[in-house]
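Input: a single structure, listed below in structure tokens.
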Protein chains: 2
Amino acid sequence: MKHIAESTVRRLSLYLRFLEEGEARAQDTISSGELARLGGTTSAQVRKDLSFFGSFGKRGLGYHVKDLIEAIREILGLDKTWPVVIVGAGKIGAALAQYRGFSSRGFRVVGVYDRDPARIGQRLDGLTIRAESELERDIAKLKAQIAVLCVPSEAAQVLLDRVTKAGIRAVLNFAPSPLRVPKGVALRSVNMATELEILTFALTNRIEGGPR
Amino acid sequence: MKHIAESTVRRLSLYLRFLEEGEARAQDTISSGELARLGGTTSAQVRKDLSFFGSFGKRGLGYHVKDLIEAIREILGLDKTWPVVIVGAGKIGAALAQYRGFSSRGFRVVGVYDRDPARIGQRLDGLTIRAESELERDIAKLKAQIAVLCVPSEAAQVLLDRVTKAGIRAVLNFAPSPLRVPKGVALRSVNMATELEILTFALTNRIEGGPR
DNA sequence: ACTAGCTTGTGAAGGATTTCACAAGCCCCC
DNA sequence: GGGGGCTTGTGAAATCCTTCACAAGCTAGT
Ligand SMILES: NC(=O)c1ccc[n+]([C@@H]2O[C@H](COP(=O)([O-])OP(=O)(O)OC[C@H]3O[C@@H](n4cnc5c(N)ncnc54)[C@H](O)[C@@H]3O)[C@@H](O)[C@H]2O)c1
Ligand SMILES: NC(=O)c1ccc[n+]([C@@H]2O[C@H](COP(=O)([O-])OP(=O)(O)OC[C@H]3O[C@@H](n4cnc5c(N)ncnc54)[C@H](O)[C@@H]3O)[C@@H](O)[C@H]2O)c1
């Protein structure tokens, strides 16, 4: 397959959300124009995004909502359930562990880990926080391929190395430090300070030529 | 000024972090090559990014760390303190309100708001959770221009409309729903499910031609 | 003061992504 | 069964972003 741009994947995820809302409203078909309007893009963009993966619509009609949902789920790999481990049960780790937006989307948090003896054993929704020393064994046992890192910056690289050695193949990182991943492991980092700084940049440099 | 790509702003934020680390290690100068290595990009990219805003280096030497820190801070608008209000004191709102990565970077959380009477009055670090009915008055009084939305999807658009009417000019949104902003207001949304889905896409479609 | 050795700043080239624009296909109605 | 009205899928064009490559400038050492 040709290389797919990240922006395309991001938009597919967005389309999927709109389609699911449409399905909930018993909507039968949807046009690229409507998806575009919802997603703040253009109909040509929507069609191009989909065209990388096949041809899912009917000319004159649009896309069948249920079919397109199924197609995008399969493209994104959401046609299965992904076990996820969360490393670090601090403020953000705990919030994510209890976040229902994950479970409703094919992700199942199967383990939450911390080093702090005071936290180990505490319950978070249906999960008990476990000792980080159990990480390797659990990852193997649960066949988890995705880890979410919510530990302090200093610990992030070490934990990343450990979980990838144990079999993790994709990492979502919240620590604001750059990480190195072994080849074959996917990594994404969410840096909230950077997000705010993109906003202050916009506020600061908007003197002329109004923003988007 | 010419239009600046978001990717450039994002990298500037990253360079700033490395520069600050360099400063902490008493490093005097740094070359575009070193910044590039740290940031996982190329030296030409670093120089191009900076060149949009001026010329900050010395040929043969590199960049003076302290000077470049100051320059990038000014470019990003970090040479002042930004009062920020957090709307929604649930799991993620509370985590962000207590996040030290913001305060250390020129952002000061000046108010946390919720609708739930059980939460109003509770303390979060040094802050008391306030009633959302106080939002408009406080935004005006505190001259806050940035709001972080941590409320359920259904409430997000309503709250966004309210805070922008009250004077907010930039919004960081964590609800996974598309929002409309009035012209002149900057919006960024962080969608954690999408981040995970970009990872599952990578895991699913990596059969041939290894990832990144 | 001159040279060797780096490193910057930047046009130009190259590559990637988005937008344009239109032929082709499908539905529905007459 | 044919025509009007939409909408898709997609090459080609346009735009945006990154990489190349090199002249110019600075430092340090002699
Ligand atoms: N709180 C936020 O809103 C927020 C926002 C963005 C990013 N972050 C980042 O997320 C990370 C966590 O932040 P937080 O606010 O939740 O901090 P926190 O201190 O509340 O939580 C960190 C947790 O990690 C645990 N930990 C430390 N070392 C560990 C190890 N080796 N193995 C397992 N667990 C370990 C600690 O015991 C603690 O429970 C930090 O890197 C922070 O910069 C936090
Ligand atoms: N928890 C997470 O890790 C996480 C991750 C990503 C995104 N999100 C999103 O962030 C938002 C909040 O999630 P959460 O997990 O913190 O939920 P939560 O239920 O813990 O918190 C939501 C809070 O918003 C408050 N609220 C509701 N309506 C309000 C209003 N009109 N004015 C002021 N406050 C109001 C509620 O009282 C509650 O305290 C949701 O949109 C969620 O999808 C959460």
Side-chain angles (χ1 to χ4, degrees), chain A residues 1-15 18-19 22 27-69 71-72 75 198 201 205 209 211-212, chain B residues 1-15 18-19 22 27-69 71-72 75 198 201 205 209 211-212:
Chain A
M1 187 198 299
K2 227 183 132 291
H3 176 257
I4 303 294
E6 181 191 306
S7 47
T8 290
V9 179
R10 173 167 260 116
R11 283 188 300 265
L12 288 176
S13 162
L14 200 59
Y15 304 154
F18 301 139
L19 287 162
Q27 186 175 359
D28 230 47
T29 63
I30 194 167
S31 68
S32 58
E34 189 174 352
L35 275 176
R37 196 175 41 74
L38 292 167
T41 179
T42 67
S43 64
Q45 181 75 79
V46 172
R47 295 197 298 275
K48 184 67 92 183
D49 285 338
L50 293 171
S51 77
F52 293 127
F53 302 97
S55 135
F56 306 102
K58 275 214 179 55
R59 292 168 192 229
L61 234 208
Y63 302 87
H64 189 65
V65 171
K66 275 188 200 293
D67 291 355
L68 191 53
I69 286 176
I72 296 184
I75 291 166
I198 294 174
F201 175 81
N205 300 68
R212 195 245 319 263
Chain B
M1 188 200 297
K2 229 179 128 301
H3 176 254
I4 302 295
E6 181 189 308
S7 47
T8 290
V9 179
R10 174 167 259 116
R11 283 189 299 267
L12 287 176
S13 162
L14 200 60
Y15 304 154
F18 301 138
L19 287 162
Q27 188 175 359
D28 230 46
T29 64
I30 193 166
S31 68
S32 58
E34 189 173 352
L35 275 175
R37 194 175 43 72
L38 292 167
T41 180
T42 66
S43 65
Q45 182 74 80
V46 172
R47 295 198 299 278
K48 183 66 93 182
D49 286 337
L50 293 171
S51 77
F52 293 126
F53 302 97
S55 134
F56 306 102
K58 275 212 180 55
R59 290 168 193 230
L61 233 208
Y63 302 87
H64 190 64
V65 172
K66 275 188 199 293
D67 290 355
L68 190 54
I69 285 176
I72 296 184
I75 291 166
I198 294 175
F201 176 81
N205 299 68
R212 196 246 321 259

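Note that this is a predicted model, so its numbers are computed, not measured. Per chain, numbering begins at 1; letters A, B, ... match sequence-line order.
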Give the angle between the helix axes at the two ends of the helix from C/dA1-D/dT30 to C/dC30-D/dG1, taking five base pairs at each end and rounding to 10°. 10°

Separation of atom [atom1] in [X] from atom [atom2] in [N], rounded to whole Å:
{"X": "A/Lys2", "N": "D/dG11", "atom1": "NZ", "atom2": "C1'", "value": "13 Å"}
{"X": "B/Lys48", "N": "D/dC16", "atom1": "NZ", "atom2": "C1'", "value": "13 Å"}
{"X": "B/Asp49", "N": "D/dC17", "atom1": "CG", "atom2": "P", "value": "11 Å"}

For residues [X] and [Y], report the shortest heavy-atom separation together with the two atoms involved.
{"X": "B/Ile75", "Y": "A/Asn205", "answer": "O-OD1, 3.3 Å"}
{"X": "B/His64", "Y": "B/Asp28", "answer": "ND1-O, 3.5 Å"}
{"X": "B/Ser32", "Y": "B/Val46", "answer": "O-CG2, 3.8 Å"}
{"X": "A/Asp49", "Y": "A/Thr8", "answer": "OD1-OG1, 3.2 Å"}

Student check: side-chain heavy atoms of [X] and [Y] closer than 4.5 Å:
{"X": "A/Arg47", "Y": "A/Tyr63", "value": "yes"}
{"X": "A/Leu35", "Y": "A/Leu14", "value": "no"}
{"X": "B/Tyr15", "Y": "B/Leu68", "value": "no"}

For A/Ile4 and B/Phe201, run side-chain contact (heavy atoms from CB on, under 4.5 Å): C-alpha distance rounded to whole Å, both residues' side-chain angles, the deciding distance at 0.1 Å, then the answer. CA-CA 10 Å; A/Ile4 303 294; B/Phe201 176 81; 4.0 Å; yes

Looking at every strand, decide which applies to [X] at a 4.0 Å heavy-atom threshold: base, sugar-phosphate, or nothing.
{"X": "B/Ser7", "result": "sugar-phosphate"}
{"X": "B/Ser32", "result": "sugar-phosphate"}
{"X": "B/Ala44", "result": "base"}

Residues B/Leu50, B/Leu12; criterion side-chain contact (heavy atoms from CB on, under 4.5 Å); working and verdict: CA-CA 8 Å; B/Leu50 293 171; B/Leu12 287 176; 3.9 Å; yes

Evaluate the side-chain contact (heavy atoms from CB on, under 4.5 Å) criterion for residues A/Phe56 and A/Ile72: first the C-alpha distance (whole Å), next the side-chain angles of each, then the deciding distance (0.1 Å), finally the verdict. CA-CA 10 Å; A/Phe56 306 102; A/Ile72 296 184; over 6 Å; no

5'-most to 3'-most nt of DNA chain C touching chain A (<4.0 Å, heavy-atom partner on protein side) reads C/dT17 to C/dC27

DNA chain C: A/Arg47 or A/Thr8, which has the more 5' nearest nucleotide? A/Thr8

Atom pairs, protein N/O to nucleotides 26-30 of chain D N/O, distance under 3.5 Å:
residue: D/dC26; atom: O4'; partner: B/Arg59; partner atom: O; Å: 3.2

Audit row: B/Ile69, B/Lys66, side-chain contact (heavy atoms from CB on, under 4.5 Å) steps and yes/no: CA-CA 5 Å; B/Ile69 285 176; B/Lys66 275 188 199 293; 5.6 Å; no

